2 protein chains.
Amino acid sequence: MPTAARVKRQATPISRTTLTAAAFEQLISYVVKGDWKAGDRIPPERELCQQLGIARTSLREALKAMELIGLLESRVGDGTFVCPRSEFLSRPLLWALTGTDHIELGNIMEARALIERDLAGLAAERGTEDEIEAIGQQVRAMREAIDHGGSIVDADMNFHLAVARAAKNDVLHNAVQLLRNLLRHWINLKLMLPGVSEQVLSEHDAIYKAVRRRDPDAARSAMWSHLQITAELVNRVVEQAKQPVHRQSPSNA
Amino acid sequence: MPTAARVKRQATPISRTTLTAAAFEQLISYVVKGDWKAGDRIPPERELCQQLGIARTSLREALKAMELIGLLESRVGDGTFVCPRSEFLSRPLLWALTGTDHIELGNIMEARALIERDLAGLAAERGTEDEIEAIGQQVRAMREAIDHGGSIVDADMNFHLAVARAAKNDVLHNAVQLLRNLLRHWINLKLMLPGVSEQVLSEHDAIYKAVRRRDPDAARSAMWSHLQITAELVNRVVEQAKQPVHRQSPSNA
DNA sequence: AATGGTATAGAGGTCTTACCATTCAGTCAA
DNA sequence: TTGACTGAATGGTAAGACCTCTATACCATT
C-alpha cells in the first residue's frame, strides 16, 4: 500500500447472524428464563426444529454446543434433558475456559478460600437482615440433616451460596458455585468422614454468628479457618483415594 | 439375534462416546496443545472431516460448539480461524456460565479488586525472582509504549497476568483474565483518557516495587488502591458514554 | 498506475433424506 | 406375576445437494 492506507471503517458493518447462533441464543434463553428447568425433558429434535422453523441439522449444532458445554444431556432413545446447574462445568468447558485439562486441587481450594474469606467479610458489612437470616437457615438445615436425615451436601453448598448472596456480588457468587462444583466429588467424600459433619456445622455456625453480629474481621477469619480445615480434610480424602488397591478413579460426571 | 443378546461388554471398558464428542475433544486438544494457534486458519470442513474419518455433519457439530463457545470464528467463503484467547469469553458462554445476560460492572470491578489484591499479596510472598522480574518487565513495557508508541493495553493486561502468575494460582490467574476481558472495552476507553496512562504506570510501578521488596501488605494495598482508582475512572468513562448524543453502544466484539 | 468490473473457485450455511442404535413402554404368552 | 418380544420414538451418523458469501485473479477503463 503505497499511499497511506485509510481504513477508517466508520460505517456499520451490517450484522448478520447464522440460524444456528440464533437458535443457540434462543435455547439458552429458555434455560436462563426458566422455561426449561433442570431435569426437564425438552421437546424432541424433530419437533423442536419445526417449532423454530429450521432444519434438524442447524438445530442440532446449537443443541450439541449446549450439550458439550454441559447445559444439556442427550440420551439416545430417551430424549434430551436440562442438566441441573449443580452438575455444571463439564470437562470440555473447563478445557475451553482454562486451556488446560487439569487444575491442581490445591489451587482450587486456595482460590475458594481467598474468595470466600472476602465474601464473609462483605456479608457482615452489607448483608441485609433477611440475607443473614438465610445463612442461619442453612445452619439449621444442616443441623436438621444431621439429626433426622437429609442432604448435608445441599446444606453445605447452600450455606456458602447464602454467604455469597449476602455479600451482594453476583460474579463472586458464581465463582463460589463453580469452584465448589469442581470440588464436589471430594467434598462429598469429606462430608462422609466420621465426625466431620458436626465439625463443619460448628464452623458454619461460627461464621454465621460473626456475620450476624456484623463483625467482618471475625467472619473473615472464621471462614478462612473453616476452609483451611476443609482443605486439610480434602487432602486427606484424596490421599486415601490414592492408596487402596482397586479403587476406581473419581472421574468427572 | 433370537436369544436376548445380553451383550457382555465386560471386555471393553465402555469407551462409548459419540463421534461428535470425540471430535470436540480432539479439536480442543489441537488448540490447547498449540497445533492450532490464535489467528490460524484451520483446514476446511470438507477436508477436516475426511482426516478425522467422520461425516461433515458430525464434525460441524463439534466445530459449531467451539465457535459458539468462542474458541473459533467462521467466516463464510473465507474459512474458520482460531480466536485469540484475549478475545475470549463470548456472550453465549457468559450466559452459560452465569445464567444471566447482564452482570453489573460494579460487581465485576469489585470481584477483580478483591481477587487481585490477594494475588498481589501472594506474589510478594511466594513469587520467584524470575516471576517478579517479569512483572517489572511489563512496567518497563508500558513505559516504552507511552514514550515510543506501542500497546499500552497489552502492557496493562500483561502486568496483571504477570502478578497472577507470580502468585502461582492457575485458577485465579484465569479469573483475572476472564474478568479483565469482561471489562476490556471500558478499560481500553479508560486508558485513552489524558494523563491516565502515566497514572497507571506509576501505580503499576508501586505494586511492582512492593512485590519486589517482598512486602505483601504494601503490595496488597497498592493493588487495591490501583483498582479502586481504575474503578472510579471506568465509572466516569461509562457515564461519559451514556451522555453523548450519537455514540454507538459498545457491543461485545 | 489506479480504479472498478467480472468471473471463478472454494469456503461455510442450510436443508433434505435416509438409515442406524438405543431406549422405553406396551403386549402377550407362559 | 413374570418375562420375552415388539414397535414406536429418540438421538447419532451419513451423504449429497444447493445456497450465499469471500478472496483472488484477471481484465477493461480511466
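Keep in mind that what you see is a predicted model, and the values were worked out from it rather than measured. Keep in mind that the numbers below use all heavy atoms, side chains included, and drop hydrogens, waters and symmetry copies. All chains are named by letter (A, B, ...) in the order of the sequence lines, taking the proteins before the strands, and each is independently numbered beginning at 1.
One finds a salt bridge joining A:Glu73 and A:Arg75 here, because a Lys/Arg side-chain nitrogen approaches an Asp/Glu carboxylate oxygen to under 4.0 Å. A salt bridge links A:Lys64 with A:Glu67: the closest approach of a Lys/Arg side-chain nitrogen to an acidic carboxylate oxygen falls below 4.0 angstrom.
Taking atom CE on B:Met66 and atom P on C:dG12, their separation rounds to 14 Å, with Å as the unit. Atoms CD (A:Gln50) and C1' (C:dT16) sit 13 Å apart, rounded to a whole Å. Between the CZ atom of B:Arg41 and the P atom of C:dG10 there is a distance of 11 Å, given to the nearest Å. Taking atom CG of A:Leu72 as the reference point, atom C1' of D:dG12 lies 16 Å away to the nearest angstrom. One interatomic measurement links the two molecules: CD of A:Glu45 to P of C:dT17, which rounds to 17 Å at whole-angstrom precision. Spacing between atom CD1 of B:Ile42 and atom C1' of C:dA11 amounts to 12 Å, rounded to whole angstrom units. Between A:Arg60 atom CZ and C:dT16 atom P the separation is 16 Å, expressed in whole Å. The CG atom of B:Leu19 sits 8 Å away from the C1' atom of D:dG12 (whole-angstrom rounding).
For C:dG12, the OP1/OP2 oxygens have no side-chain nitrogen or oxygen of B:Ser74 closer than 4.0 Å. Here B:Arg56 does not reach the OP1 or OP2 of D:dA14: none of its side-chain N or O atoms lies under 4.0 Å away. Here A:Thr57 does not reach the OP1 or OP2 of C:dC15: none of its side-chain N or O atoms lies under 4.0 Å away. An OP1 or OP2 oxygen of D:dG12 is reached within less than 4.0 angstrom by a side-chain nitrogen or oxygen of A:Lys64.
At the heavy-atom level, A:Ser58 lies under 4.0 Å from the strands shown only through sugar-phosphate atoms. Counting non-hydrogen atoms under 4.0 angstrom, B:Ile54 reaches the backbone sugars and phosphates but no base. Across all strands shown, A:Arg75 has heavy atoms under 4.0 Å from sugar-phosphate atoms exclusively, and none from any base.
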TODO: Go through the steps for A:Arg165 and A:His173 under the test side-chain hydrogen bond (donor to acceptor under 3.5 Å, both in side chains), then give the verdict.
DONE: CA-CA 6 Å; A:Arg165 206 165 290 119; A:His173 176 277; 3.2 Å; yes
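Mapping A:Gly77 and A:Arg46 onto DNA chain C by nearest heavy atom places A:Arg46 closer to the 5' end of the strand. Remark on DNA chain C: of its neighbouring residues A:Thr20 and A:Val76, the 5'-side contact belongs to A:Thr20, judged by nearest-heavy-atom nucleotide.
The nucleotide C:dA21 finds its pairing partner in D:dT10, both defining distances of the Watson-Crick or G-U wobble pair being shorter than 3.5 Å.
Nearest approach of B:Gly70 to B:Cys83, heavy atoms of both residues: O-CB, 3.6 Å.
For B:Thr18 against D:dT13, a side-chain-to-base donor-acceptor contact under 3.5 Å is absent.
For the residue pair A:Gln177/A:Arg180, the side-chain donor-acceptor check at 3.5 Å is not satisfied.
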